[in-house]
Every structure is written in structure tokens, then in C-alpha cells.
2 protein chains.
Amino acid sequence: MPERLAQSAFALFSRHGIQNVNLDRIAAHAGVTKGSLYWHFESKDEIIQAACSHYYRSWHRRINVEIAPFADPLERLERALGFSVRTCLLDKENRVFTLEIFTLSLHDEAVRRGWRQFLDSVREFYVGLLEAARAAGRIKTPDSRQAVDFLLAAMEGIKLQALFDPELCSRRVEKQISEQLLRTLGCVERRRASAADGSSRAHTPR
Amino acid sequence: MPERLAQSAFALFSRHGIQNVNLDRIAAHAGVTKGSLYWHFESKDEIIQAACSHYYRSWHRRINVEIAPFADPLERLERALGFSVRTCLLDKENRVFTLEIFTLSLHDEAVRRGWRQFLDSVREFYVGLLEAARAAGRIKTPDSRQAVDFLLAAMEGIKLQALFDPELCSRRVEKQISEQLLRTLGCVERRRASAADGSSRAHTPR
DNA sequence: ACACTTCCATACTGTCCGGTATAGTCCGCG
DNA sequence: CGCGGACTATACCGGACAGTATGGAAGTGT
């Protein structure tokens, strides 16, 4: 039941925002009433934290599913990048929820700490992918950490832009941005192949 | 008086967030009471809009002051970039206020429209600087608009990172990021000069 | 002096919402 | 069977706050 409440909270927060969703609504969405909700959670803050945890776990699960079929380090990196960019551009719920969390983080140390831990795990995830691609000679970047930091920052920015420019929310832009981000990472082989042989175009993920 | 109320609203919103600031507080900050405030503005929404307009005007004024002393296109671009990056990293009020506005934009079309107009004006500002630098042969980028879009996105992302990592809020990181952004713009001369002659180091703004 | 306008202060109103109190139901265990 | 614990539903509470009503003050024009 606590997990169902957390899911309901996430679902509602990610559509309507945190302030616009009251506890009666979360409880009803989970099929119970507010009394039950208060049995499991002490406060709205605690429910918000539960929704965050739900989101963090879900993100990790989804991105791992995305890269699981691939062994090539650069392919894995590309897939992960593609997933992230797609999430930023097309996943409106992700946008709403994360923005709400950021704003809450401004004044709530606990929420900030939670996001920071999540961000650290995402960073380690990407550094791992990048180092593997680097070891395989597919990426050339002087400093993996810094490159990943830049990448993550760029993706957050892109997410914001998508909020204000719905035309960005397309597969074409997604591909464009993914390539741009790969370029900033110092992708060596991808670029050359693209310039030399148009058949790599067909190789691009859909 | 309306301008004083808008300034008060901005000052308070940029420190405490929009939800955490009630109208009594804004009025008191401006030296009046809520009745006066309601004489000038119809609703809290209208006061939020006034605070936004105040912020937008202030931003344009400040960045123009920053680049006014310089004639060289690349120097102007660098100064503007430096100002923006500094604002993102060090100006906490800017961070708080803009994040609050983004979150409000998720569900409020009027706020979203306002920011979008502001963003368009910022984009045009940077495209203007970039084109000038390009015409002077100081910048090499295939598509100014796209480059500026990427730049603006990156800056928003950096602002978010600064929220979660206070160590980023330093002049060293500011310089590092500014250089990185210049690199993504296709800055030709700056890079070469830096590699060839250490004296350009002293030329770097403090 | 009076009327009008602009602006302001104060008290009030009603809604919303997080949180609480209390009673009820169900299940497992001795 | 009785009891305790986990869970649930319902009614209630009090505070917060945007917005409203009303009266007052000051300035201006006739």
C-alpha cells in the first residue's frame, strides 16, 4: 500500500504539480482515503519523498532496460543518451515532476539531498559508460567527469527549453541534440563515419 | 507605487519562493498594506507578472551595462557569456526566481508566454553578438541560432547544477564553463591564442 | 465649502488543506 | 472466542491566505 500511494503521488504530482494536488486526491487515486494515507506516512513531506524515491528507482530501471541489449560501449552510451534526451523532450511527466522537485529543493534540504544523491548515481552511471567507450577508443575526452557534468547540465537545460518551445519535442530534434551532445563528449568514430559513408545514416536509431 | 510593489515582490519571491510569500508581506516590504496593493493590482497573479516584468527589464539593463565598454565583437560575446554564467552560478536570487517561474509556467499559460518572450529577446541578443563575432572571423559556427539555443540550454542546466553543488559557485568554475561554452560556439582565435601565448591569461577577466 | 478621485488602512470572509481524533473492520494468534 | 495490531473511513479542526467591503486621508477642481 505505501508503494501504491507513492505511485499515485508521483502520477498526480507529475501531471498537476505538487501544490495543486492535495492528500485526499492522492488517497483517492490509490483507492483509499486520507486516514489510510496517514497510517502509512506521517506528512505530505514524507509522501513527496516517497514519490521521489519511486521516480529515482524507475529512472534507473528504465535506462538499464534501454541499454541492456547492447555490448558495444559506444552503442550503450548512445542509447543511454538517446533515452535521456527523449525523456527530456518528450516525457512531459518527467519534466513536470523534476521541475517541481527542483523548486522544492530551493527551500527544502531533505529534498535537495535526495536529488543530489540521485544525480550522483546518474553521473556515475554516465561516467561508467563514457569510460568504457573511452577505453574502447570510441570517445576522446580529457576529463570524463567534467564532460558528464556538462552533459547533464545541457540535458536539464534542454528539458527547460522543451517546456517553452513545443516544437522541440520531436524525434528529429532528439536526434540532433543527441549528436550534439556526443560531439561535446569528443566522439571520434561516429563523426567520421557519418562524413564518409551515408549508410551510417540507416544505422541511426529510429 | 506599482513599481515599488513589483520590486518588493521580486525581492521576496527571489529569496523565499512564490508560494512562501503572501500579499501582506509584499505590501509591508513596500511600506503599505494589502489594501493598497489591491488598489494597484487585481490579484496575486498580476503581482507575479509585475515581478517578472521587473526581472526581465533588469536583466537586459545589467547585461547591456556589462558589454557597453567593449567594441570588439568577440570581447562583447565573452563578457555577455561571463555575465550570464556568473549570474547562473553566483546569483542565488536569480536562480530562485527563475526556477519558481519555470515551475509556475508548467501550469500557467500567461507566465509561460511571458518567459518565452523574454527568452526570445535573450536569444536575439546572443545571436546578434554571435553574428558580429562571426562576421569578424572570431567565431566559426555553422548555425548561429542553433548554437545559441544550445548555449542557453546549457546555461539553464548549469544553474540547476549550482543549486545542488555549491562548490560550483566559484570564479574558477565560472571561467571554466565560459571557456567550454565558447568552445561549443566554435571560437577560433581564443583557443589558439591561449595555447600559444600565456599572456592572454592576464587578459582573462578576474 | 463641497464633490470627486486616487490611494491607503483595517477588518472581515470564505475556501482550502494538512493534520487529528475516533470508530470500525479484518486478520492472525493463543 | 477474545484480543491486539494493522489498516481504513469519516468527521472534525484550526491556520493560512487570497480576495472583499468599507471608511479615511489627501489633493484637486469648481
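Source: prediction; values computed, not measured. Letters A, B, ... mirror the listed sequences (proteins, then strands); counts begin at 1.
Partners of Asp72(B) under the salt bridge (charged side-chain N to carboxylate O under 4.0 Å, His left out) rule, at least two apart in sequence or in another chain, are Arg138(B). Evaluation of the salt bridge (charged side-chain N to carboxylate O under 4.0 Å, His left out) rule for Arg112(A) yields Glu109(A) as partners, not counting sequence neighbours. For Arg123(A), the salt bridge (charged side-chain N to carboxylate O under 4.0 Å, His left out) criterion is met by Asp120(A), Asp149(A), not counting sequence neighbours.
In this structure, the CG atom of Leu37(A) is 13 Å from the C1' atom of dA9(D), given to the nearest Å. When rounded to the nearest whole Å, the span between CZ of Phe41(A) and P of dT8(D) equals 11 Å. One can place CH2 of Trp39(A) at 6 Å from P of dA6(D), the figure rounded to the nearest angstrom. Following rounding to the nearest Å, His40(A) (NE2) and dG5(D) (P) show an atom-to-atom distance of 17 Å.
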Please tabulate, one pair per line, all N/O donor-acceptor pairs under 3.5 Å involving side-chain atoms of residues 17-25 of chain B, not counting sequence neighbours.
residue	atom	partner	partner atom	Å
Asn20(B)	ND2	His16(B)	O	2.8
Asn22(B)	OD1	Asp24(B)	N	3.3
Asn22(B)	OD1	Arg25(B)	N	2.9
Arg25(B)	NH2	His16(B)	NE2	3.1

Using a 3.5 Å cut-off and no angle test, enumerate the donor-acceptor pairs between side-chain atoms of residues 130-137 of chain A and protein atoms at least two apart in sequence or in another chain.
residue	atom	partner	partner atom	Å
Glu131(A)	OE2	Ser144(A)	OG	3.0
Arg134(A)	NH1	Thr141(A)	O	2.4

### Task
Quick one, give me the B/S/- string for nucleotides 17-25 of chain D, reading 5' to 3', where B means a protein heavy atom under 4.0 Å from the base and S means that only happens at the primed atoms, P, OP1 or OP2.
SBBB-----
### Criterion side chain to side chain donor-acceptor pair (under 3.5 Å) on Tyr126(A) and Ser84(A), from CA distance to verdict
CA-CA 11 Å; Tyr126(A) 269 111; Ser84(A) 289; 2.5 Å; yes
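OP1 or OP2 of dA9(C) lies within a sub-4.0 Å distance of a side-chain N or O belonging to Ser36(B). The side chain of Thr33(B) contributes no N or O atom lying less than 4.0 Å from OP1 or OP2 of dC8(C).
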